[in-house]
Amino acid sequence: MNEAIKPQAIAKFEPETWGAFINGEFRPAASGKTFPTFNPGNGEVVARLAECDEEDIDAAVRAAVAAFPGWRRRTGAARAKLLMKLAQLVESHGPKLAELESINAGKPIRDSRAIDAITAIDALEYFAGMATKIEGTTIPVPGPYVNMTLREPLGVIGGIIPWNYPLLQAIWKIAPAIAAGNTVVVKPAEQACLSVMYLARLIAEAGIPPGVVNIVTGYGATAGAALVAHHLVAKIMFTGSTATGKRIAAEAANTLKPVGLELGGKSAVIVYEDAPIDQAAQIAATAIFTNQGQVCTAGSRLFLHEKVHDKVLERVIETAKKVRLGYQMDPNTTMGPLVSAKQKQTVLRYIDAGKADAKLAYAREESKDLKDGHYVGPVIFDQVQNSMRIAREEIFGPVLSVLTFKEEGEALALANDCPYGLAASVITRDIGRALRAAQAFEAGNVWVNTWGAVSSMAPYGGYKSSGYGREMGFSVMSEVTQEKNVWMSVR
């Protein structure tokens with residue numbers, strides 16, 4: 001099914017102007033400047049946002065500093081009730097949040113409704129429960145002492161989030177931080193802010209006190225850099241590219257603030273000779289075509305055992321042909337546009353590099369009906385070598401590199417021969433082989449006979465150039481608190 005789903009006025013979208021959310025209210029940037037944000041499906045301006053800079057960041061941070069003592073003193077149960085109220089509001093406003101997520105980030109509306117809006121509720125409820133479960137320990141030290149540890153909030157946490165999952169990324173930064181008693185300043189990606197700004201309205205409606213959560217829009221080079229450099233920010237939690245993560249870590253060192261970095265990936269999917277062909281092909285296709293390939297854990301390197309290579313590749317190509325590429329607001333669309341013209345050009349350059357180095361096994365022809373948006377359909381390269389650019393660099397688009405192997409050890413060595421280490425998948429009926437792979441993978445997330453399973457209850461993060469620190473699960477509570485050791489003499 002190669003016919004494109006055309007952009008159309010499914011629902012009239014009225015653009016708004018959004019101020020920064022500082023100290024519980026929306027306000028224009030101090031400079032008065034705004035910038036446009038776009039619908040990547042047709043290029044239209046869907047909103048204008050406050051173009052904040054250092055002055056606005058300082059106002060947001062100081063609001064968070066002022067709110068911190070009162071918020072910290074609240075009991076965990078009191079913080080939990082407000083997070084549960086926010087979860088209820090996110091649930092009741094789910095359709096609007098999904099609409100904004102899709103219109104601005106380009107993901108198919110069917111996914112925003114079924115995945116993003118639902119997962120957001122789960123995350124808020126989970127971390128509401130966590131607010132009453134932050135505990136220290138007692139240690140049997142020698143001598144006449146009782147020794148114990150306390151876990152305490154850090155203070156103001158700065159969150160910088162990407163454009164591929166803006167709503168979820170905002171909640172994953174905000175919820176654990178404020179559950180633990182911190183206050184936050186969030187800088188969303190300028191390409192996709194709308195669902196996050198709408199979330200700010202719900203935060204105010206939920207009764208979360210002014211200054212506890214601040215959301216400041218602007219460009220990374222100004223607003224983002226000012227947040228990282230601010231001396232009153234206790235920690236930065238960043239999700240985005242490895243290159244930007246390195247700059248943030250270097251700048252944060254000037255004020256000795258810790259950072260948590262969830263960065264890029266080049267995830268391997270290994271299919272052994274005993275794998276069910278249809279299941280393997282479906283997992284492989286889902287791993288690279290979900291959200292137009294704009295996923296940090298995208299399975300962009302597919303390692304096929306030589307005995308099943310032809311059959312699995314054939315099925316993956318069949319699945320690629322059935323992808324319904326088109327306007328993201330159409331409920332029949334399964335692959336929408338890339339987020340921006342810049343991202344489309346980046347992906348096209350990698351496709352050109354792949355054509356020069358490898359065998360083009362499949363590429364969706366560009367539709368004239370989609371010329372106003374940033375669309376790139378599924379692309380599959382075969383006979384890829386692990387040294388090629390398309391196999392080593394993160395593309396962040398629906399581009400699959402297929403490599404062939406003969407032996408188990410060879411596949412694992414090739415999978416690990418990569419600067420990134422965010423995720424990996426293995427598909428096999430052999431439990432021993434699956435466990436050997438899980439142990440051998442140099443990756444923070446491993447999936448066996450599946451791909452992409454994520455839960456608020458499970459830690460998420462990477463190895464190597466995919467960053468350090470963990471989000472979600474109980475692990476993130478260690479990221480947003482600090483440990484104090486207390487010695488008490490019993491003499």
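The model shown is predicted, which means the values in this text are computed figures rather than measured ones.
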Inset, instruction - Indicate yes or no for a side-chain donor-acceptor contact from Asn104 to the backbone of Asn39 under 3.5 Å, with no hydrogens or angles considered. - result: no
Inset, instruction - Looking only at non-hydrogen atoms, find the nearest pair between Ala105 and Pro40 and report the distance. - result: C-CG, 4.0 Å
Legend entry - Lys484 side, atom NZ; Met148 side, atom CE - distance, nearest 0.5 Å: 10.0 Å
Inset, instruction - Kindly say whether Leu403 contributes a backbone atom to a donor-acceptor pair with the side chain of Arg301 at under 3.5 angstrom? - result: no
Legend entry - His230 side chain reached by Glu54 side chain, heavy atoms, under 4.5 Å: no
Inset, instruction - Only pairs at least two apart or in different chains count here, so list each ring-ring contact (aromatic ring centres under 6.0 Å, His included) that has a residue in residues 466-491. - result: Tyr145-Trp487
Inset, instruction - Might you point out which heavy atoms bring Gln292 and Gly106 nearest each other, and give the distance in Å? - result: NE2-O, 3.6 Å
Legend entry - Flag side-chain contact, heavy atom, 4.5 Å: Lys266 against Ser466: no
Legend entry - CG on Leu412 to CZ on Phe303, rounded to 0.5 Å: 9.5 Å
Inset, instruction - Go through the steps for Val480 and Phe127 under the test side-chain contact (heavy atoms from CB on, under 4.5 Å), then give the verdict. - result: CA-CA 12 Å; Val480 297; Phe127 287 110; over 6 Å; no
Inset, instruction - Determine, stepwise, if the pair Leu82 / Val212 fulfils side-chain contact (heavy atoms from CB on, under 4.5 Å). - result: CA-CA 12 Å; Leu82 290 174; Val212 172; over 6 Å; no
Legend entry - Minimum side-chain heavy-atom gap Thr217-Trp18 below 4.5 Å: no
Legend entry - Check: Val454 and Trp172 side chains under 4.5 Å, non-hydrogen atoms: yes
Legend entry - Between CG on residue Leu261 and CD on residue Glu471, distance to nearest 0.5 Å: 10.0 Å
Distance-only criterion, 3.5 Å: show the donor-acceptor pairs between side-chain atoms of residues 219-227 and protein atoms not counting sequence neighbours.
residue : atom : partner : partner atom : Å
Thr222  : OG1  : Tyr219  : O            : 3.3

Inset, instruction - Applying side chain to side chain donor-acceptor pair (under 3.5 Å), run through Thr34 and Arg48 and close with a yes or a no. - result: CA-CA 6 Å; Thr34 63; Arg48 300 196 69 86; 3.2 Å; yes
Inset, instruction - Answer yes or no: is there a side-chain heavy-atom contact under 4.5 Å between Val347 and Phe396? - result: no
Inset, instruction - Side-chain contact test, heavy atoms from C-beta onward, threshold under 4.5 Å: evaluate it for Val233 versus Val185 and give yes or no. - result: no
Inset, instruction - Please name all residues satisfying side chain to side chain contact (heavy atoms under 4.5 Å, CB included) with Thr242, sequence neighbours left out, ordered by chain then number. - result: Lys246, Leu263, Tyr420, Ser465
Legend entry - N/O donor-acceptor pair under 3.5 Å between Trp451 side chain and Thr297 backbone: yes
Per-pair distances, 0.1 Å, donor-acceptor, side chain in residues 153-171, under 3.5 Å, sequence neighbours excluded:
residue : atom : partner : partner atom : Å
Asn164  : ND2  : Gln294  : O            : 3.1
Gln169  : OE1  : Lys173  : NZ           : 3.0
Gln169  : OE1  : Thr239  : OG1          : 3.2

Inset, instruction - Could you tell me whether the side chain of Gln328 and the main chain of Ser102 form a donor-acceptor pair under 3.5 Å? - result: yes
Legend entry - Donor-acceptor side-chain pairing of Thr286 and Gln282 below 3.5 angstrom: yes
Distance-only criterion, 3.5 Å: show the donor-acceptor pairs between side-chain atoms of residues 190-201 and protein atoms not counting sequence neighbours.
residue : atom : partner : partner atom : Å
Glu190  : OE1  : Lys187  : NZ           : 3.2
Ser195  : OG   : Glu101  : OE1          : 2.6
Tyr198  : OH   : His93   : ND1          : 2.9
Arg201  : NH2  : Glu16   : OE1          : 2.8

Inset, instruction - Provide the closest heavy-atom pair for Tyr350 versus Ile390 in the form atom of the first, atom of the second, distance. - result: O-CG2, 3.4 Å
Legend entry - Minimal non-hydrogen separation, Ala29 against Glu51, with atom names: CB-O, 3.5 Å
Inset, instruction - Using atom types as modelled and distance alone, determine if a side-chain donor or acceptor of Lys344 lies under 3.5 Å from a backbone N or O of Pro337. - result: no
Inset, instruction - Return yes if some donor-acceptor pair links the side-chain N/O of Thr290 with the main-chain N/O of Ala287 below 3.5 Å, else return no. - result: no
Inset, instruction - Give the minimum heavy-atom separation between Gly397 and Leu338, together with the two atoms involved. - result: CA-CD2, 4.5 Å
Inset, instruction - Flag yes if more than 12 heavy atoms outside Lys464 fall under 6.0 Å of its NZ atom; otherwise flag no. - result: yes
Legend entry - Closest non-hydrogen atom pair, Lys133 against Gly129: NZ-O, 2.7 Å
Inset, instruction - Apply side-chain contact (heavy atoms from CB on, under 4.5 Å) to the pair Lys342 and His374, showing each step before the final yes or no. - result: CA-CA 9 Å; Lys342 180 181 178 181; His374 313 310; over 6 Å; no
Inset, instruction - For the pair Glu394 (side chain) and Gly265 (backbone), establish whether a donor and an acceptor sit closer than 3.5 Å, ignoring hydrogens and angles. - result: yes
Inset, instruction - Could you walk me through whether Leu422 and Asn445 pass side-chain contact (heavy atoms from CB on, under 4.5 Å), step by step? - result: CA-CA 6 Å; Leu422 189 55; Asn445 304 277; 4.0 Å; yes
Legend entry - Contacts of Tyr126 that satisfy side chain to side chain contact (heavy atoms under 4.5 Å, CB included) - sequence neighbours left out: Met130, Ser456, Met457
Inset, instruction - Would you confirm whether Thr183, through its side chain, and Phe68, through its main-chain N or O, come within 3.5 Å as a donor-acceptor pair? - result: no
Inset, instruction - State the CG-CD1 distance between Leu83 and Ile174, to the nearest 0.5 angstrom. - result: 10.0 Å
Inset, instruction - Quick one: pull up CG in Asp122 and OG1 in Thr119 and give me the separation to the nearest 0.5 Å. - result: 6.5 Å
Legend entry - Min side-chain heavy-atom separation Ile427-Ile283 under 4.5 Å: yes
Legend entry - Straight-line distance of Arg73 CZ to Arg79 CZ, nearest 0.5 Å: 12.0 Å
Inset, instruction - Check the surroundings of atom CD in Glu25: do more than 12 heavy atoms from other residues, nucleotides or ligands lie under 6.0 Å from it? - result: yes
Inset, instruction - Check whether any side-chain heavy atom of Arg151 lies under 4.5 Å from a side-chain heavy atom of Glu483, and answer yes or no. - result: yes
Legend entry - Check: Arg392 side chain, Asn386 main-chain N or O, donor-acceptor pair, under 3.5 Å: yes
Legend entry - Check against salt bridge (charged side-chain N to carboxylate O under 4.0 Å, His left out), Lys107 and Asp116: CA-CA 10 Å; Lys107 66 183 58 181; Asp116 301 68; 2.8 Å; yes
Inset, instruction - Using modelled atom types only, decide if a donor and an acceptor are shared between the side chain of Asn214 and the backbone of Val184 within a distance under 3.5 Å. - result: yes
Inset, instruction - Go through the steps to decide whether Lys257 and Thr255 satisfy the test side chain to side chain donor-acceptor pair (under 3.5 Å), and finish with yes or no. - result: CA-CA 5 Å; Lys257 63 169 62 74; Thr255 48; 2.7 Å; yes
